2 protein chains.
Amino acid sequence: MTSTPATRKAQQPREETIRKREDILKAALQTFGSRGYKSGSLAEIADQVGITHAGVLHHFGSKDQLLLDVLVYRDKTDVAHLEGKHIPGGRGLFTHLVATAALNAKRPGIVQAYAVLSGDSVTDGHPAKDWFRARYAQLRTEVSEALLEVCGDKPPTQQVVDDAAASILAVMDGLQVQWCLDPDNVDLARASEFAIEGILSVAVASGKSRK
Amino acid sequence: MTSTPATRKAQQPREETIRKREDILKAALQTFGSRGYKSGSLAEIADQVGITHAGVLHHFGSKDQLLLDVLVYRDKTDVAHLEGKHIPGGRGLFTHLVATAALNAKRPGIVQAYAVLSGDSVTDGHPAKDWFRARYAQLRTEVSEALLEVCGDKPPTQQVVDDAAASILAVMDGLQVQWCLDPDNVDLARASEFAIEGILSVAVASGKSRK
DNA sequence: CTTAACTTACTGACTCGTGAGTAACCTAAT
DNA sequence: ATTAGGTTACTCACGAGTCAGTAAGTTAAG
């Protein structure tokens, strides 16, 4: 099985193939994002890149695997357009989140995909449940750390930090759902900024007022 | 065709039938809530109440219609256990929301159903999209009105009211998703209370500080 | 009160469509 | 010559909706 031959180099696929795979990932994000995982068919994805559904399976092995690959691809490209490789910490994280919300208001497809797939992931036996759990756990940690940094030597209780971190992510996600359903009556960018800054200030204040 | 005989009264279905229909609705909420709309099959629902999928269709006509009926049923029972028939206004609304969050932490099934179905609803052509849109619109209005009432004669701007209302609903929904994925690391009740009170206080303060 | 006419609440069997995965084969590049 | 990147042609499974029939109840007439 694991006969990875040391003599043979890992055999990177051809340039063209890499591009093709990326095309498939884009198409899959589009399809899963707008129809959901179960309803999004391999055939529809394959169509978009001009091959058959069996061709897609050739590259990704199974539908489940494709979904997982789509998710990491989506994350990778999302971080990619940041100049530095990594998300900032401290106050910068929160301005970054606000900026992301503003950016998102201009790419409904991405927002819909996230709303659909994160909701999807809480169904029983969903293939991406672990992925989403881990992702949220990591995001909460990052936000918590940034929050502590902002508070300096007057940190709030651990509970407040945890609640604030979860709440900030929650409000962003929840607003995206409402915005997808009713874009004319929800101002995604503005409401996100209001809520993030609000929760942040309450959390920071909670630290300052401790004796 | 339209020979509705005036002589015959509208013929309410039998007691037993009403109970059966309710059983089906409960089963459907369970199934759609845990598997999603597309994956939840009529056969699985029918099994739970000891009939066949054709029997379910006899009562509800189509799967789409069943989903819609499930949603109104769920809302109805949710409000039912409130002593007064209607949700309170003013400050009471917010304590009610906090109480609901605490209650929800004890009924994971309901929470999962809501998380799954609201996410589901933003997919293209989803049968319950309009229903959810209308529901959120109404909830936002109710929260906005309650917020204005709390602020008294020093109301914030309309924008702040709108943003706060959407944010409060959003944070509740978002926390539910995170809690479904990772109940050990998210305290649904506590975080909901923190966020609701926090957003509320920021909004109220925003009104007071206006000149 | 009984019987006939009708309705309700189903079942079982079927159709029609869809969709993932597989296997065999083809073709072009290395 | 071999492998990567496909295609065509399947299979197998599932799921919604239709339909004919049936058993049980309901209503009205004699």
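Predicted model, so just to flag it, every value in this text is computed and none were measured. Chain letters run A, B, ... following the sequence lines, proteins first and then strands; every chain starts at 1.
The CD-C1' distance, from B:Gln65 to D:dG17, rounds to 15 Å in whole Å. Between the CG atom of A:Leu57 and the P atom of D:dT8 there is a distance of 15 Å, rounded to whole Å. If you measure from atom CD1 of B:Ile51 to atom P of D:dA23, you get 19 Å, rounded to the nearest angstrom. Atom CG of A:Leu42 and atom P of D:dC10 are 21 Å apart (whole Å). C:dA9 atom C1' lies 13 Å from atom CZ of B:Phe60, rounded to whole Å. The distance between atom OH of A:Tyr37 and atom P of C:dT18, rounded to the nearest whole Å, is 19 Å. Note: CD (B:Glu16) to P (D:dG25) measures 8 Å, nearest angstrom. In this entry the distance linking CG of B:Asp47 with P of D:dA16 reads 12 Å, nearest Å.
Using a 4.0 Å cut-off, some side-chain N or O of A:Thr52 falls inside it from OP1 or OP2 of D:dT7. The phosphate of D:dA4 has neither OP1 nor OP2 within less than 4.0 Å of any side-chain N or O from A:Thr17. Put simply, B:His58 has a side-chain N or O that comes within less than 4.0 Å of OP1 or OP2 on C:dA9.
A salt bridge is defined here as a Lys NZ or Arg NE, NH1 or NH2 lying under 4.0 Å from an Asp or Glu carboxylate O, and B:Asp78 with B:Arg74 meets this definition. Between A:Arg91 and A:Glu197 there is a salt bridge, since at least one side-chain N of the basic residue sits less than 4.0 Å from a carboxylate O of the acidic one.
No donor-acceptor pair closer than 3.5 Å links the side chain of A:Thr123 to the backbone N or O of A:His126.
Of the two residues contacting DNA chain D, namely A:Lys38 and A:Ala54, the nearest-nucleotide position lying further toward the 5' end is that of A:Ala54.
Distance from the side chain of B:Ser41 is smallest for D:dA16 among the nucleotides C:dG19, C:dC10, D:dA16. Distance from the side chain of B:His53 is smallest for D:dG17 among the nucleotides D:dG17, D:dG5, D:dA9.
A:Arg35 CZ: 12 or fewer foreign heavy atoms inside a 6.0 Å radius.
Between the side chains of A:Gln158 and A:Asp162, at least one donor N or O lies within less than 3.5 Å of an accepting N or O.
A:Gly40 comes within 4.0 angstrom of the backbone, heavy atoms only, and of no base.
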